[in-house]
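Just so it is clear: chains get the letters A, B, ... in the order the sequence lines come, proteins before strands, and each one is counted from 1.
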Protein chains: 2
Amino acid sequence: MQLTRFTDYGLRTLMYVGARAENSASVKEVADHYGISRNHLVKVVHRLSQLGYIETTKGKGGGIKIAKDATKLRLGDLIKQLEPNMNMVECFDTKTNTCRITGSCQLKHYLFEATQNFINTMNKYTLADTVQNKELLFA
Amino acid sequence: MQLTRFTDYGLRTLMYVGARAENSASVKEVADHYGISRNHLVKVVHRLSQLGYIETTKGKGGGIKIAKDATKLRLGDLIKQLEPNMNMVECFDTKTNTCRITGSCQLKHYLFEATQNFINTMNKYTLADTVQNKELLFA
DNA sequence: TATAATATATATTAGAAATACATATTTTAA
DNA sequence: TTAAAATATGTATTTCTAATATATATTATA
């Protein structure tokens, strides 16, 4: 049970940009700061922009910028949208489920409740909560 | 964010065996019932036996049997022990962590709390709760 | 002693995440 | 107007790990 690096990078990018002056930076700057692939990060940023969390500006002097108030960005919502698959077990997706005991098995209900609690707990916090000290982030 | 099939199969095996007369069955029987690889299931069963959840008997007439009272087997504990990796993000494991903002980043604390809530929720339920109707399981 | 079961180690396969590469597009500033 | 600097996008490759397969060993009983 893990989050993908895609989600991890997405959160880290928002944290970085949110802590920057004017809430802006370039993808290259973020990739360099974390020592991760710029090409991979481009896709994460692209997804964040699709979701409306980031504004991108092409061309010279362009870059990325947070599109929403960091105190309004709930972490649970972010995770739910960035994760490629929140189906905890096979039978969460009725299309591909092959489990023979689905009918009488209660496990899925408990897993659903637990996953919901996971997201709810994360939703107690916002992006703004994640960075305790903006200066320290760049130390 | 998903459980591995290994964990899924482990839970299903316990459910199956727990619903059987005398709480016993053979690996082959369980594998056939779910239509999954017997060889793979052998490893799951082996792990369950290492953890003390299942007793195995070799030889003719042998098989597997639940080693504990199903009403005492909490699902959260099971999941925690069956999952190969409960490190939600890279920085959960200080040995392999490379993230540069670990010092000032609060995300890990929130993720830790949320994961704990996930496990706690599952621990409200036991293996005995998962099977509503033993007969239905084999319908 | 043959058979039916689990135990164990190793090899292989499959799938998905992560990364790399190449090229297109856009915008600005010289 | 053109070069440069940024993101956009599609495809290919690599890497990792879960899942599966294979082979053999061990054990116990009929």
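B/Asn123 contributes a side-chain N or O that, together with a main-chain N or O of B/Gly76, makes up a donor-acceptor pair within less than 3.5 Å. Not a single donor-acceptor pair under 3.5 Å links the side chain of B/Gln2 to the backbone N or O of A/Met86. Remark: side-chain polar atoms of B/Asn87 are not paired, donor with acceptor, to backbone N or O of B/Val89 under 3.5 angstrom.
Between B/Tyr9 and B/His40, the ring-plane angle classifies as perpendicular under the 30° and 60° cut-offs.
Regarding B/Arg5, its CZ atom lies at a distance of 17 Å from the P atom of D/dT17, rounded to whole Å. B/Leu82 places its CG atom 12 Å from the P atom of D/dA19, with the value rounded to the nearest Å. For the pair B/Leu48 CG and C/dA7 P, the interatomic distance rounds to 11 Å; values are reported in whole Å. Rounded to whole angstrom, the span from the CD1 atom of B/Ile36 across to the C1' atom of D/dA18 amounts to 14 Å. We find that CD of A/Gln2 is positioned 12 Å from C1' of D/dA18, with the value rounded to whole Å. For the pair B/His40 NE2 and D/dT22 C1', the computed distance is 15 Å after rounding to whole Å.
Within a 6.0 Å radius of NZ in B/Lys65, other residues, nucleotides and ligands contribute 12 heavy atoms or fewer.
For the residue pair A/Thr130 and B/Gln106, no side-chain donor N or O sits within less than 3.5 Å of a side-chain acceptor on the partner.
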Could you list the protein-to-nucleotides 14-16 of chain C atom pairs, N/O on both sides, closer than 3.5 Å?
none

Contact list (N/O, under 3.5 angstrom) for nucleotides 5-12 of chain D vs protein:
residue : atom : partner : partner atom : Å
D/dA5   : N3   : A/Lys60 : N            : 3.4
D/dA6   : O4'  : A/Gly59 : O            : 3.4
D/dT7   : OP1  : A/Val27 : N            : 2.8
D/dT7   : O3'  : A/Thr56 : OG1          : 3.4
D/dA8   : OP1  : A/Thr56 : OG1          : 2.6
D/dT9   : OP2  : A/His46 : NE2          : 2.3
D/dT11  : O4   : A/Lys43 : NZ           : 2.5

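The side chain of A/Thr4 contributes no N or O atom lying less than 4.0 Å from OP1 or OP2 of C/dA17.
Salt bridge present: A/Arg74 and A/Asp77 bring a charged side-chain N and a carboxylate O closer than 4.0 Å. B/Glu29 and B/Arg38 are not joined by a salt bridge, as no carboxylate oxygen comes within less than 4.0 angstrom of a charged side-chain nitrogen.
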